[in-house]
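Remember, predicted model here, so these are calculated numbers, not experimental data. Note on naming: letters A, B, ... go to the chains in the order of the sequence lines (proteins, then strands), and numbering restarts at 1 for each one.
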Amino acid sequence: MDIVDVREIFRNREQYLGKEVTVGGWVRSIRDSKTFGFIVLHDGTFFEPIQVVYHDALPNFDAICKTNVGAALIVTGTLVATPEAKQPFEIQATEVVLEGDSTPDYPLQKKRHSIEYLRTITHLRPRTNLFQAVFRVRSLCAYAIHRFFQERDFVYVHTPLITGSDCEGAGEMFQVTTLDLNNIPKTDDGKIDYSQDFFNKPTNLTVSGQLNGETFAMAFKNIYTFGPTFRAENSNTTRHAAEFWMIEPEIAFADLKDDMLLAESMIKYIINFVLENAPEEMKFFNDFVDKGLIERLQHVASSDFGHVTYTEAIEILEKVNDKFEYKVSWGCDLQTEHERYLTEEVFKKPVFVTDYPKEIKAFYMKLNEDGKTVAAMDCLVPGIGEIIGGSQREDDYDKLAARITELGMKPEDYGFYMDLRKFGTARHAGFGLGFERCVMYLTGVSNIRDVIPFPRTVNNCEL
RNA sequence: UCCUCUAUAGCUCAGUCGGUAGAGCAUGCGGCUGUUAACCGCAGGGUCGUAAGUUCGAGUCUUACUGGAGGAGCCA
């Protein structure tokens, strides 16, 4: 018995029509009349389910009628075209084998459930239309990102998840320790004795692979990282998670313009790849999650992203300051409401905001000639806000050392990072793309918890 | 962490002015020869998130707590 994927049947239907097929899947819906019944079977390989018709000629007809939603079945029968009906074809069953039954209290019923309810059944929600579509697109999106960089000969670098560097400074970190928290060893002066910890010093989960990535960029020229990232921030929003994935390319002999070109072509590549390879899923999002999604993505993929400097952006925003709860002026950080106004009202497409005041950006960003701004860029997209943050890196040893000192940090804590500026420094740039935010943008799904298979947020670490 | 909203049947919700609980779907049983979240009939199903308070009486009013949602900050 060769079980064929439903995807294979839909994609090569002519080859299967009129022939006997065997499929294995889970019951989405089942209903019976006196002498026959219908099963909507979904096998996970394709967004659309396949309809099975079973008659009372089957020896186990009564048992099939009692089958519950969610049960696993293996069905053999003839594939018949149904041009008059809603579905293109169906299987006239000659054999229905109950692989594993379900029960009447199966939490997914053949009706619409709220997304919040589905969130409470993390282990079952992948069986629903919405999450089938989300997680197939997530998978394709990851593949598209690897393809994009590999086609351009970027080297994929696995930067460490456990870091002993306490100088990443991008948010709260999760500490990693093997110390017995019920009996913490102390030194004579009462501090925690990390000499007894696994790594002989305090360690944390990474909040960014960028600094490590830079070392490889200064060896391989073009590299990217793609891996999990951890932030212990107490944020409770639709777009923050404690564990998320990030893509961080780093390119040498390149400046901020090259960086933005890379970011823009990457976003367009991902959009085109997903539209081409998940048409059914994208149509579903367009119809039921975010009307106008496909048109918007196609528009983004075929037009140039907007560009505006921070200073210009402030000028634009100051003219409509009465719209905002937080008034803008040069030097202030852009709030969510300002970012949304820029990308949703002014540009109506993704826009790069560049050259921010150095005070509101990280220490490693390249100081511009004006001495006031740095070569930073944020890419803002409608509906999500910041999806990419990047910069050209400060490659001048003395300027970087001065900036580190200016911020009250110690250059000696950044030994390896300073060495890169000492031994053959070169201009270089990079950015970080929030993978989940990218999936949200592609699908129109508005809560990050619904694009992560097993989301970890404050107070929530199920399964 | 702050602000706002919210919690009633397995699910989605209604419940008026404070007077001891209702619908649809789902489930069970019966009917139906082509359904599309099938349809028709009958039935079962509730400590109204938790704890206190006001009241003759609380799903309804008050307070606290817990969970959920949205917004803000932080960021990707």
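Among the nucleotides B/A72, B/U33, B/C74, the one closest to the side chain of A/Thr35 is B/U33. Here the side chain of A/Ser33 is nearest to one of B/C32, B/G34, B/U35, namely B/C32. If you check B/G34, B/G73, B/C11 against the side chain of A/His113, the one that comes closest is B/C11. Considering only the side chain of A/Tyr117, B/U12 comes nearest among B/G73, B/U12, B/U33.
Residues A/Glu214 and A/Phe416 form no side-chain contact, since every pair of their non-hydrogen atoms from C-beta on lies 4.5 Å or further apart. Side-chain contact between A/Glu90 and A/Val52: absent, with no pair of heavy atoms (C-beta onward) separated by less than 4.5 Å.
Phosphate contact (OP1/OP2 of B/U33, side-chain N/O of A/Lys34, threshold under 4.0 Å): absent. Applying the 4.0 Å criterion to OP1 and OP2 of B/G34, one finds that A/Thr82 has every side-chain N and O outside that range. Phosphate contact (OP1/OP2 of B/U12, side-chain N/O of A/Ser114, threshold under 4.0 Å): present. Side-chain nitrogen and oxygen atoms of A/Arg31 include at least one within less than 4.0 Å of the OP1 or OP2 phosphate oxygen of B/A38.
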Give me, pair by pair, the N or O atoms of the protein and of nucleotides 64-69 of chain B that are less than 3.5 Å apart, along with how far apart they are.
{"residue": "B/A69", "atom": "OP1", "partner": "A/Arg119", "partner atom": "NH1", "Å": "2.4"}

*Nucleotide by nucleotide, 5' to 3', does protein get under 4.0 Å of the base (B), only the sugar-phosphate (S), or neither (-) in nucleotides 22-28 of chain B, counting heavy atoms?*
---BSSS
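Residue A/Gln51 is classed as a base contact, given a heavy-atom separation below 4.0 Å to a base. Counting non-hydrogen atoms under 4.0 angstrom, A/Glu243 reaches nothing in the nucleic acid.
Ring pair A/Tyr417/A/Tyr364 is perpendicular by interplanar angle, where above 60° counts as perpendicular and below 30° as parallel.
Residues satisfying the side-chain contact (heavy atoms from CB on, under 4.5 Å) criterion with A/Thr120, sequence neighbours excluded, are A/Tyr117.
Remark: A/Asp304 does not engage A/Lys349 in a salt bridge, criterion side-chain N to carboxylate O under 4.0 Å.
Cation-pi check for A/Arg127 over A/Phe131 is not met; the charged atom does not lie both under 6.0 angstrom from the ring centroid and within 45 degrees of its normal.
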